[in-house]
Amino acid sequence: MRLIKTFGLAALAAVAAMAFLGATSASAETSTQMCKTHTGLTCGAGNAVTSHHMVLASGTVGKLLSSTTVLCLNILIEATPLGLGSPQSLHTTSFTFTGCGTGSAHDNCAVTTTEQPLANLLKTGLDEGVLAFTNGQQRTVCANLGIDCVYDGAEMEFSVGGQHLTASETPTTELGGKFFCPNEGFVDGLFETLTNTYVLG
């Protein structure tokens, strides 16, 4: 059950966490910047996002998939954009998971972020972008199942667009732990921004 660097790490954050939305033109050479409003191709004075917050979309759950599936009812990703860039770097300041478990009670597992992740955001097209994590670690403990594992989120990648961040079974890497720790895992989840955020140049 590899985790996210959002989910970030999806997230858990994805976080991860993380950003985005609304790309306009696409090019790896074009600068990327998160903006508060979409009035042109660039942010303009005073329009750059300085703090970003994302939560699981209403009616969805975050999933840590492996030989055992852990579901989390709530994931919060808070991130700080580090300035205009190609791609734009993001530093996750908080990646929290609550209501996690393997049963309907969602209370027999704890997922914690042990290393806040960094990520790169690159616009790829109109209202489209990619958020790729470069580090970050999460720990999953399900004491009743003998699971105590640490996962690296450096391979996690999220698609961005329409005020959402989507993790579609993005991989994580098991770094070690105790008992049953699968070598492969995936994070799956849909996040939405708490305020309108657009990815411009």
Side-chain angles (χ1 to χ4, degrees), residues 4-60 62 72 74-98 113 115-136 138 153-168 170 187-201:
I4 131 188
K5 192 188 291 122
T6 165
F7 267 107
L9 145 263
L12 177 179
V15 93
M18 294 182 109
F20 346 45
L21 330 277
T24 47
S25 56
S27 168
E29 289 77 34
T30 302
S31 293
T32 300
Q33 188 168 25
M34 288 195 297
C35 306
K36 299 174 185 176
T37 61
H38 192 342
T39 58
L41 297 179
T42 60
C43 273
N47 196 27
V49 171
T50 57
S51 180
H52 191 65
H53 301 77
M54 301 198 80
V55 295
L56 282 173
S58 178
T60 70
C72 291
N74 304 292
I75 300 173
L76 170 66
I77 300 171
E78 298 176 290
T80 301
L82 300 182
L84 181 69
S86 179
Q88 182 178 37
S89 296
L90 300 171
H91 178 234
T92 303
T93 56
S94 178
F95 206 155
T96 58
F97 305 77
T98 57
T113 299
E115 177 185 85
Q116 294 294 343
L118 292 173
N120 292 320
L121 174 65
L122 181 67
K123 65 176 184 175
T124 58
L126 182 62
D127 196 29
E128 295 178 347
V130 173
L131 181 73
F133 287 90
T134 59
N135 73 330
Q138 282 79 33
E155 297 179 39
M156 291 192 306
E157 187 172 283
F158 299 77
S159 61
V160 172
Q163 310 298 314
H164 289 86
L165 176 69
T166 306
S168 298
T170 186
V187 173
D188 195 274
L190 176 64
F191 297 85
E192 58 188 4
T193 59
L194 294 182
T195 57
N196 289 340
T197 306
Y198 303 91
V199 177
L200 304 177

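These values consider heavy atoms only, across backbone and side chains, with no hydrogens, waters or symmetry-generated copies.
Scanning all heavy atoms of the two residues, the minimum distance from Glu115 to Gly136 falls at OE1-N, 2.8 Å. For the pair Gly153 and Phe133, the tightest heavy-atom approach, listed with the atom from each and the gap, is O-CB, 3.3 Å. The two atoms that bring Ser51 and Pro81 nearest to each other are N-CD, 4.1 Å, heavy atoms only. Minimum heavy-atom separation, Pro87 to Leu121: CB-O, 3.0 Å. The minimum heavy-atom distance between Gly46 and Lys36, with the atom names listed, is O-NZ, 3.8 Å. Considering every non-hydrogen atom in both Gln163 and Thr195, the closest pair reads OE1-O, 3.9 Å.
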Verdict with supporting geometry, Val55 and Asn74, side-chain contact (heavy atoms from CB on, under 4.5 Å) = CA-CA 7 Å; Val55 295; Asn74 304 292; over 6 Å; no
Checking side-chain contact (heavy atoms from CB on, under 4.5 Å) for the pair Tyr198/Val49: CA distance, chi angles, key distance, verdict?
-> CA-CA 9 Å; Tyr198 303 91; Val49 171; over 6 Å; no
Step-by-step side-chain contact (heavy atoms from CB on, under 4.5 Å) determination, Met54 to Thr197 | CA-CA 10 Å; Met54 301 198 80; Thr197 306; over 6 Å; no
Hey, mind stepping through Leu56 and Phe191 against side-chain contact (heavy atoms from CB on, under 4.5 Å) and telling me if it holds?
-> CA-CA 4 Å; Leu56 282 173; Phe191 297 85; 3.9 Å; yes
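Panel note: side chain Thr134, backbone Leu118; a donor-acceptor pair is recorded below 3.5 Å. Listed for the Thr32 side chain is no donor-acceptor partner under 3.5 Å among the backbone atoms of Gln88. A donor-acceptor distance shorter than 3.5 angstrom exists from the side chain of Thr60 to the backbone of Ala57, with no hydrogens or angles considered. Counting only distance, with no hydrogens or angles, the side chain of Asn196 and the backbone of Thr37 share no donor-acceptor pair below 3.5 Å. Between the side chain of Thr92 and the backbone N or O of Pro117 there is at least one donor-acceptor pair closer than 3.5 Å.
Rounding to the nearest 0.5 angstrom, the gap separating the CG atom in Asn120 from the CG atom in Leu90 is 7.5 Å. In this structure, Met34 CE and Thr193 OG1 are separated by 10.0 Å, a value rounded to the nearest 0.5 Å. The OG atom of Ser94 sits 6.0 Å away from atom CD of Gln116, with the distance rounded to the nearest 0.5 Å.
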